[in-house]
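Single-structure report; data block below.
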Amino acid sequence: MHIAVCDDSIDELSRISLLLEDYRRKRNRPITYEVFQSATELLETLVVRQFDLLLLDILMPGVTGMDAAKELRRWNNEIAIIFLTSSREFAVESYRVSAVDYIIKPVREDELFPTIDKQLIKIAQEEAYLTLKTGNGLIKLPFSKIVYVEVINRIVQFNLIEGEIRETYGYLADYEGALLATSYFYKPHRSYVVNLHQVTELNKNGFFTTVYKIVPVARNSFANAKATYMKYLLSQNERSGKL
């Protein structure tokens with residue numbers, strides 16, 4: 001994981017850098033980081049260099065951390081943002097830019113470390129993939145790109161976030177084990193597996209997905225589907241911490 005730390009205070013940058021060094025040592029995780037003293041410098045670097053996580057101070061002179069987050073979200077929805085601030089007044093606004101956490105200064109180990117742990121787990125899950133045999137050969141299909149899977153007459157269709165569909169011959173059982181081993185795939189019907197990350201709503205018609213398709217729920221499975229989706233939503237709220 002590569003982390004960007006942005007704060008106008010040199011003392012804060014030094015303090016957070018020490019915490020990240022402690023994290024790397026205590027957790028034995030291969031994290032790297034870079035520090036920035038202005039949001040402008042950070043945005044310029046984000047154009048040419050990739051980061052997995054931003055630790056971003058909100059209250060900075062000139063371009064604020066919130067300004068930077070809004071600008072970033074215009075072209076990058078993937079990078080995780082954790083706001084660091086001495087005030088809670090931006091909690092609602094931070095939610096609007098999809099921040100994953102909101103930590104009140106001074107940043108403490110017991111708050112920062114678990115948040116980084118969650119992001120590392122998320123990255124590991126998103127990097128998981130299936131290997132599909134298609135008419136054109138073998139393809140690598142990341143879990144994170146799958147919206148839902150449907151089987152029709154021994155043709156397994158993988159419906160992807162770009163609206164693309166990949167097909168392979170076989171059974172849903174050939175793939176559902178790997179998918180359901182994660183915390184965010186769910187089988188609501190014998191012919192479907194859905195990625196809860198890509199669900200916008202659940203009602204009596206089924207799971208509404210980000211590609212505007214509905215994944216049906218078996219009649220006798222609705223109560224379980226509702227409970228599973230509620231548990232998923234609660235887990236997402238917990239990851240957001242104090243948002």
Side-chain angles (χ1 to χ4, degrees), residues 1-46 49-126 183-184 197 231-243:
M1 172 187 280
H2 194 38
I3 302 172
V5 185
C6 185
D7 197 300
D8 61 303
S9 167
I10 295 178
D11 290 341
E12 282 295 321
L13 288 178
S14 297
R15 189 171 183 281
I16 296 169
S17 295
L18 288 174
L19 281 173
L20 293 176
E21 291 292 343
D22 285 344
Y23 180 90
R24 182 160 52 191
R25 185 181 71 256
K26 292 178 180 180
R27 294 289 204 267
N28 193 27
R29 297 291 180 86
I31 67 165
T32 56
Y33 62 91
E34 296 179 45
V35 298
F36 302 88
Q37 272 194 272
S38 76
T40 299
E41 180 188 5
L42 172 65
L43 287 171
E44 290 173 351
T45 304
L46 286 170
R49 196 142 64 246
Q50 182 175 346
F51 293 88
D52 301 298
L53 174 64
L54 302 186
L55 300 179
L56 184 57
D57 182 26
I58 291 182
L59 299 174
M60 292 187 287
V63 179
T64 68
M66 188 61 69
D67 293 335
K70 290 176 180 177
E71 175 64 24
L72 174 64
R73 286 297 185 241
R74 292 174 57 188
W75 47 273
N76 187 319
N77 288 316
E78 300 299 321
I79 189 168
I81 299 173
I82 297 174
F83 282 121
L84 312 175
T85 182
S86 56
S87 171
R88 297 183 184 276
E89 66 178 290
F90 296 98
V92 173
E93 201 169 359
S94 66
Y95 178 78
R96 291 173 181 157
V97 294
S98 302
V100 298
D101 212 337
Y102 187 89
I103 299 177
I104 299 297
K105 293 181 179 180
V107 180
R108 302 193 312 269
E109 176 180 318
D110 63 344
E111 287 191 303
L112 182 61
F113 284 20
T115 302
I116 296 176
D117 288 340
K118 290 176 183 177
Q119 293 309 306
L120 283 170
I121 291 170
K122 183 179 178 182
I123 289 171
Q125 289 176 334
E126 290 179 346
S183 62
Y184 55 94
H197 286 338
K231 182 178 179 181
Y232 164 79
L233 292 177
L234 287 171
S235 72
Q236 295 302 105
N237 288 336
E238 288 173 1
R239 288 185 181 187
S240 297
K242 295 169 283 300
L243 296 180

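These figures come from a predicted structure and were not determined experimentally.
Taking OG of Ser98 as the reference point, atom CG of Leu72 lies at 10.5 Å (rounded to 0.5 Å). Note that CG of Leu43 and SG of Cys6 are 8.0 Å apart. Values are rounded to the nearest 0.5 Å. If you take NZ on Lys105 and CZ on Phe83, they are separated by 12.0 Å, rounding to the nearest 0.5 Å. To the nearest 0.5 angstrom, Trp75 atom CH2 is 10.0 Å from Arg73 atom CZ.
A heavy-atom distance below 4.5 Å is found between the side chains of Leu55 and Ile16. Side-chain contact between Ile82 and Ile103 is present, with heavy atoms from C-beta onward closer than 4.5 Å. Side-chain atoms of Ser9 and Arg15, non-hydrogen and from C-beta on, never get closer than 4.5 Å to each other. Side-chain atoms of Ile10 and Gln37, non-hydrogen and from C-beta on, do get closer than 4.5 Å to each other. Side-chain contact between Ile3 and Gln119 is absent, with no heavy atoms from C-beta onward closer than 4.5 Å. Counting heavy atoms from C-beta outward, Asp57 and Val5 have side chains that stay 4.5 Å or more apart. Annotation: side chain of Thr115 is not in contact with side chain of Leu53 (no heavy-atom distance under 4.5 Å). When side chains are defined from C-beta on, Leu120 counts as touching Met1, because their heavy atoms get closer than 4.5 Å.
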message = Go through it in stages, so that I can follow the logic: the residues are Ile58 and Tyr102, the test is side chain to side chain contact (heavy atoms under 4.5 Å, CB included), and I'd like the CA-CA distance, side-chain angles, deciding distance and then a yes or no.
response = CA-CA 10 Å; Ile58 291 182; Tyr102 187 89; 3.8 Å; yes
key: Test side chain to side chain contact (heavy atoms under 4.5 Å, CB included) applied to Leu20 and Ile116, step by step   = CA-CA 10 Å; Leu20 293 176; Ile116 296 176; 3.7 Å; yes
query = Does the side chain to side chain contact (heavy atoms under 4.5 Å, CB included) test come out yes or no for Ile31 and Asp52, once each step is laid out?
reply = CA-CA 10 Å; Ile31 67 165; Asp52 301 298; over 6 Å; no
message = One pair to check against side chain to side chain contact (heavy atoms under 4.5 Å, CB included): Leu59 and Asp8. What are the steps and the verdict?
response = CA-CA 9 Å; Leu59 299 174; Asp8 61 303; over 6 Å; no
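Scanning both residues, Ala68 and Ala39, for their nearest heavy atoms gives CB-CB, 3.8 Å. Pairing each heavy atom of Leu42 with each of Ala4, the nearest pair is CD1-CB, 3.8 Å. Heavy atoms only, all atoms of each residue included: Val97 and Ala69 are closest at CG2-CB, 4.0 Å.
Applying the salt bridge (charged side-chain N to carboxylate O under 4.0 Å, His left out) test to every pair with at least one member in residues 59-68, sequence neighbours left out, gives no pairs at all. The list of side chain to side chain donor-acceptor pair (under 3.5 Å) pairs with a residue in residues 16-25, not counting sequence neighbours, reads Glu21-Arg24, Glu21-Tyr33, Asp22-Arg25, Tyr23-Asp117.
Put simply, the side chain of Asn76 gets close to the backbone of Ile79: a donor and an acceptor are under 3.5 Å apart.
Aromatic ring pairs are classed by plane angle as parallel below 30°, tilted from 30° to 60° and perpendicular above 60°; the pair His197 and Tyr184 is parallel.
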